[in-house]
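Input: a single structure, listed below in structure tokens.
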Amino acid sequence: MGLPNGSPHGSSTPTGTPSHSVASSRRSFLGRAAGVGAGILSVATAATLAGTSAASAAPQGAQAEQSNWRFCQKCYSMFFWGYPTDGVCPAGGAHSAQGYNFVLPYGVPETSTAQANWRFCQKCYSMFFWGYPTDGVCPSGGAHSAQGYNFVLPHDVPETPTRQRNWRFCQKCYSMFFWGYPTDGACASGGAHSAQGYNFALPHV
């Protein structure tokens, strides 16, 4: 991970319209996205894809991306909102989506401002860093369990109207969490998240 840097707490915060009220669009996403990423892949298929690029799922010349990644207003983690259920939240119960719909790139080369090895956890549905010998702490028990695509996430680049900064790696649980509030959410290892490394600027619609 890079050295901690970027804007202090209290800068931009998740905004936008929560979309749990449009359940039909959520269900239609599942139908459209069959075979595309963490919300659809079976465990057996994910095991096969874990070490391969998924960019072939996109039209030639296009960057492969997956939508329905959301901010959880309870634990502040990034989680996948493409299943009928919403995973396991360290604050209790399931995650609760709020704000933007993030559209995250996967299966593309790592660069000096984009880090690979960000993965979907099939146990809690959160985004976690899969680049250490261990896999952090999952709120469903034990370590996170990677499934699906290898996401390559931009960091230390300017914020724009469609890209939000202050997403950080938690050095305690390895999840991606939002670091833009005075408090730092709920961590599966206990207490609040603890930011380390890059300041990620994640694209959204």
Side-chain angles (χ1 to χ4, degrees), residues 6-7 11-41 53-87 89 94-111 113-116 118-121 124-129 147-169 175-181 185 198-205:
S7 304
S11 60
S12 66
T13 57
T15 59
T17 304
S19 55
H20 250 300
S21 61
V22 287
S24 60
S25 64
R26 181 177 178 184
R27 301 300 181 265
S28 64
F29 164 82
L30 291 175
R32 292 194 308 272
V36 183
I40 304 300
L41 291 172
S53 169
S56 60
Q60 187 174 3
Q63 176 172 281
E65 299 173 327
Q66 185 182 56
S67 62
N68 271 16
W69 284 94
R70 304 294 300 276
F71 165 77
C72 175
Q73 62 183 324
K74 294 164 59 180
C75 69
Y76 297 8
S77 295
M78 176 75 71
F79 79 100
F80 187 67
W81 194 68
Y83 280 129
T85 58
D86 291 326
C89 179
H95 293 293
S96 178
Q98 184 184 53
Y100 296 129
N101 183 336
F102 290 87
V103 182
L104 304 182
Y106 64 84
V108 294
E110 189 172 50
T111 71
T113 56
Q115 185 182 50
W118 284 95
R119 305 293 300 277
F120 165 78
C121 175
C124 69
Y125 298 8
S126 68
M127 178 74 75
F128 78 100
F129 187 65
Q147 183 185 27
Y149 295 128
N150 187 328
F151 291 89
V152 183
L153 303 182
H155 60 80
D156 300 304
V157 294
E159 187 170 65
T160 72
T162 57
R163 187 166 59 199
Q164 185 183 52
R165 283 173 56 90
N166 282 335
W167 285 94
R168 305 293 300 276
F169 164 77
S175 292
M176 177 75 74
F177 79 99
F178 187 68
W179 190 69
Y181 287 124
Y198 299 128
N199 189 325
F200 291 87
L202 302 182
H204 59 79
V205 293

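In this structure, the side chain of N199 engages the main chain of N166 through a donor-acceptor pair within 3.5 Å. Distance alone, capped at 3.5 Å, places no donor-acceptor pair between the R165 side chain and the P158 backbone.
Partners of T160 by side-chain contact (heavy atoms from CB on, under 4.5 Å), not counting sequence neighbours, listed by chain and number: T162, R163. The side-chain contact (heavy atoms from CB on, under 4.5 Å) test applied to Y76 returns F71, Y181, T183, not counting sequence neighbours.
To the nearest 0.5 Å, the span separating CG on L153 from CE on M78 amounts to 8.0 Å. Of the inter-residue distances, the one linking H155 atom NE2 with L202 atom CG reads 11.0 Å to the nearest 0.5 angstrom. Here F79 contributes atom CZ and H95 contributes atom NE2; the two are 6.5 Å apart, rounded to the nearest 0.5 Å.
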R70/Q98 under side chain to side chain contact (heavy atoms under 4.5 Å, CB included): CA gap, chis, key distance, verdict = CA-CA 7 Å; R70 304 294 300 276; Q98 184 184 53; 5.5 Å; no

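For F129 and W118, the distance between ring centers is under 6.0 angstrom.
Here the closest heavy-atom approach between residue V152 and residue P109 is recorded as CG1-O, 3.8 Å. In this structure, E159 and Q164 approach most closely via the heavy-atom pair OE2-CA, 3.4 Å. Residue T113 comes nearest to V157 through the heavy atom pair CB-CG1, 3.9 Å, listed as atom of the first residue, atom of the second, then distance.
Among S96, C124, C72, S126, the one residue that satisfies the side chain to side chain contact (heavy atoms under 4.5 Å, CB included) test with C89 is C72. Each of F151, W81, F200 was checked for a ring-ring contact (aromatic ring centres under 6.0 Å, His included) with W69, and the lone residue meeting it is F151.
Residues V103 and Q66 form no side-chain contact, since every pair of their non-hydrogen atoms from C-beta on lies 4.5 Å or further apart. Using a 4.5 Å heavy-atom threshold, the side chains of E110 and Q115 count as touching.
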